[in-house]
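These notes are about the structure you will find just below.
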Amino acid sequence: FRVHISPLKGSHEERMGVVGLLTDVTERRKLERMRSEFVANVSHELRTPLTSINGFVETLLDGAIEDPTLAKNFLEIINAEGKRLANLIDDLLKLSRLEDRRTKLNKQPVDLAEVINNTVKMFEARATDKNIELTTALPQEMLPVPGDQGFLSQVLVNLVDNAIKYTLPGGKVGIEVTYSQEEVTVAVSDTGIGIPPESLPRVFERFYRVDKARSRDMGGTGLGLSISKHIIEAHGGKIRAESDQEGSTFSFTLPLHD
Ligand code: ADP
């Protein structure tokens, strides 16, 4: 609480009492703290690839450039870290536009079967390489859902990408669609490493990762789920995560009618 006390005076300046004002600043302090934590996180996330790029460039300039094999190796790292930096900046811009609602959805009837089949095509090779079985279970009749196809594709790509990323070779990833009277639910399930119960409520937070090093090594920015949540909520839907030792399921529900 912030306390503000001022004297209450009468018409002849005589003191009649005091006025006390108590302002509840809990919410404001919380927002300020969240903002400064976010800025600290962003700076750290941007610094990490940059430090690595600078380090390798310096080593090259110090003479490593004379050794072609070593030089190629270093340049590949610089290239990968540069891409990571670009991905991170793209994700940050996307998130900030979604957060302050500057992003306008281009809503049209979306054919979810098409979105799902395109996503599967996109990940087929990667799943096969990792010996992961990628399957879909779609109802015979798929009703169109009002939404922004580009953004909905992005959510699906994020969820399938994570499912493959966090599942060991030999595992399975499935996409299932179910309808109720009012809603459609898309669930992406995996037989992966799972998420500990204490982390589950936090996975949609910006930059939250169960295992920071592992996520970074896999090329993750820690923003995918946060972006997905904003997209689904902008559609009037809900996204949720469930997980146990057998694996995880991320599902989102969208209203069928505007
Ligand atoms: P990242 O870029 O790190 O994957 P996300 O926002 O997509 O960021 O996910 C946040 C964290 O949630 C991940 O770092 C990972 O720890 C956890 N996570 C997300 N999806 C899965 C999954 N299918 N299985 C296990 N853990 C997951």
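When a residue number appears, it is its place in the shown sequence, counting from 1. First listed ligand is number 1; within each ligand, the first listed atom is number 1.
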For [atom], what's the nearest protein heavy atom and its distance?
| atom | result |
| --- | --- |
| atom 19 (C) of ligand 1 | Asn162 ND2, 3.6 Å |
| atom 26 (N) of ligand 1 | Ile195 CG1, 3.3 Å |
| atom 3 (O) of ligand 1 | Ser215 OG, 2.5 Å |
| atom 13 (C) of ligand 1 | Tyr166 OH, 3.4 Å |
| atom 23 (N) of ligand 1 | Asp190 OD2, 2.8 Å |
| atom 14 (O) of ligand 1 | Arg209 CG, 3.0 Å |

Quick one: which ligand 1 atoms are inside 4.0 Å of a heavy atom on [X]?
| X | answer |
| --- | --- |
| Gly194 | 25 (C) |
| Gly222 | 1 (P), 2 (O), 3 (O), 6 (O), 8 (O) |
| Tyr208 | 10 (C), 11 (C) |
| Leu225 | 5 (P), 6 (O), 7 (O), 9 (O), 10 (C), 12 (O), 19 (C) |

Open item on the list: Check this for me - ligand 1, Val203, N or O atoms closer than 3.5 angstrom, yes or no?
Closed with: no
TODO: May I ask you to check whether Ser226 has an N/O atom sitting below 3.5 Å from an N/O atom of ligand 1?
DONE: no
If the contact criterion is a heavy-atom separation under 4.0 Å, does [X] count as touching ligand 1?
| X | value |
| --- | --- |
| Lys165 | yes |
| Phe204 | no |
| Thr221 | yes |

Task: Donor-acceptor pair between Asp91 and Thr221 side chains, under 3.5 angstrom - done: yes
Open item on the list: Checking Thr185 against Tyr179: is there a side-chain donor and acceptor pair closer than 3.5 Å?
Closed with: no
Counting only heavy atoms not in [X], do more than 12 fall under 6.0 Å of its [atom1]?
| X | atom1 | result |
| --- | --- | --- |
| Arg102 | CZ | yes |
| His257 | NE2 | yes |
| Lys9 | NZ | no |

Open item on the list: Please evaluate residues Arg84 and Glu45 with respect to the criterion salt bridge (charged side-chain N to carboxylate O under 4.0 Å, His left out), reporting the C-alpha separation (whole Å), side-chain torsions for both, the decisive distance (0.1 Å), and the verdict.
Closed with: CA-CA 10 Å; Arg84 216 157 77 84; Glu45 297 290 335; 5.5 Å; no
Task: Over-ring placement of Arg240 relative to Phe252, 6.0 Å and 45° cut-offs - done: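 No, a cation-pi geometry is absent between Arg240 and Phe252.
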- [ ] Only heavy atoms count here, so choose which of Asn87, Asn158, Val210 is nearest to atom 16 (O) of ligand 1.
- [x] Val210
